[in-house]
Amino acid sequence: HDLSRHQHSSQDPTSSQPAPQQPTRNIDKMSAGDTVTTFFIALLVFTLFFWGWAVLNTIGMSDGDYDLGIISFATVLMTSCYVIGMRSADAVPARGIPRHIITISHLLVAINYYLPFVMGDDNPFDTPGLAIYFAVFTLLWIFIAWYARQLIYKAEEM
């Protein structure tokens, strides 16, 4: 008994004409692209908040001092805008050097959060809450760098 005759086909059994083919969309590619876009939009908003905080910190500092977050967060703002722009053009966000620059921008923020542990006049361990804040955000930005890179790789594979 031939089971293949009993399976559903895309052809109408009363018609001798084959059914028109529906355009196929690569759902996985769209999902990966949507995830990349959503992640980088969220990252842009999150980063904009902390960049503004760095600007306000700098305004309140003494002569010549500034919060390095102005620079490190600005790199993430730029790379996030780049990825969002590439995705809106339905292009792969980054191949080669741009992908590395995106990762480096995230790692610059992680380094910025780590710096108080190795430099500076104030020891963050004197204030446990501050030390925890710096440690958590150092690890968070390392994770963000890794996760963003994985998203971009996934989008490239599609």
Side-chain angles (χ1 to χ4, degrees), residues 10 20-158:
S10 62
Q21 291 291 331
Q22 295 293 328
T24 58
R25 294 173 19 182
N26 187 338
I27 299 300
D28 290 336
K29 182 176 182 180
M30 290 176 60
S31 297
D34 292 345
T35 302
V36 169
T37 302
T38 301
F39 175 79
F40 278 93
I41 288 171
L43 187 61
L44 182 70
V45 172
F46 178 73
T47 303
L48 191 57
F49 172 79
F50 284 99
W51 179 81
W53 187 336
V55 169
L56 290 176
N57 281 343
T58 299
I59 291 170
M61 290 180 168
S62 60
D63 297 334
D65 288 341
Y66 62 94
D67 186 329
L68 286 174
I70 290 175
I71 297 167
S72 62
F73 285 121
T75 66
V76 175
L77 291 173
M78 289 186 283
T79 57
S80 294
C81 288
Y82 167 77
V83 172
I84 294 165
M86 292 298 287
R87 288 301 314 144
S88 68
D90 202 26
V92 174
R95 293 190 189 274
I97 291 174
R99 179 179 52 224
H100 301 308
I101 292 171
I102 292 165
T103 302
I104 289 168
S105 75
H106 301 152
L107 292 176
L108 284 175
V109 176
I111 291 167
N112 191 40
Y113 277 109
Y114 181 72
L115 282 176
F117 292 108
V118 295
M119 325 178 51
D121 300 331
D122 298 328
N123 183 348
F125 293 110
D126 291 342
T127 311
L130 193 57
I132 291 168
Y133 167 76
F134 287 139
V136 166
F137 276 82
T138 298
L139 295 174
L140 175 66
W141 279 96
I142 290 169
F143 173 78
I144 288 170
W146 172 82
Y147 184 73
R149 193 167 183 86
Q150 298 308 308
L151 285 177
I152 291 169
Y153 275 128
K154 187 175 181 179
E156 285 178 353
E157 291 173 358
M158 300 297 166

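Since we're looking at a predicted model, the values are computed, not measured.
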Worksheet item: If you measure from CD1 on I144 to CG on L107, what distance do you get to the nearest 0.5 Å?
Response: 10.5 Å

Response to the item:
Interatomic distance, CD1@I101 vs CG@L108, rounded to 0.5 Å, equals 11.0 Å

Worksheet, complete the sentence: Taken in chain and number order and not counting sequence neighbours, the residues that satisfy side chain to side chain contact (heavy atoms under 4.5 Å, CB included) with Y147 are T35, F39, F143, L151

Discussion item. Keeping S80 on the side-chain end and L77 on the backbone end, is there a donor-acceptor pair under 3.5 Å?
Written reply: no

Practice prompt. Calculate, to the nearest 0.5 Å, the distance between atoms CZ and CD1 belonging to R87 and I84 respectively.
Written response: 11.5 Å

Worksheet item: Out of curiosity, I152 CD1 to I102 CD1, how far, rounded to the nearest 0.5 Å?
Response: 4.0 Å

Practice prompt. Could you tell me the separation between the OH atom of Y133 and the OG1 atom of T138, rounded to the nearest 0.5 Å?
Written response: 9.5 Å

Worksheet item: With sequence neighbours left out, what residues match Y66 under side chain to side chain donor-acceptor pair (under 3.5 Å)?
Response: none

Below 3.5 Å, can you tabulate the donor-acceptor pairs from side chains in residues 40-57 to any protein atom, sequence neighbours excluded?
from : atom 1 : to  : atom 2 : distance (Å)
T47  : OG1    : L43 : O      : 2.7
W51  : NE1    : I70 : O      : 3.1
N57  : ND2    : D67 : OD2    : 3.1

Discussion item. Parallel, tilted or perpendicular, judged at 30° and 60°: which one describes the rings of F134 and F117?
Written reply: perpendicular

Item to complete: Could you pull out the closest heavy-atom pair between A110 and I142, with the gap in Å?
Response: CB-CG1, 3.8 Å

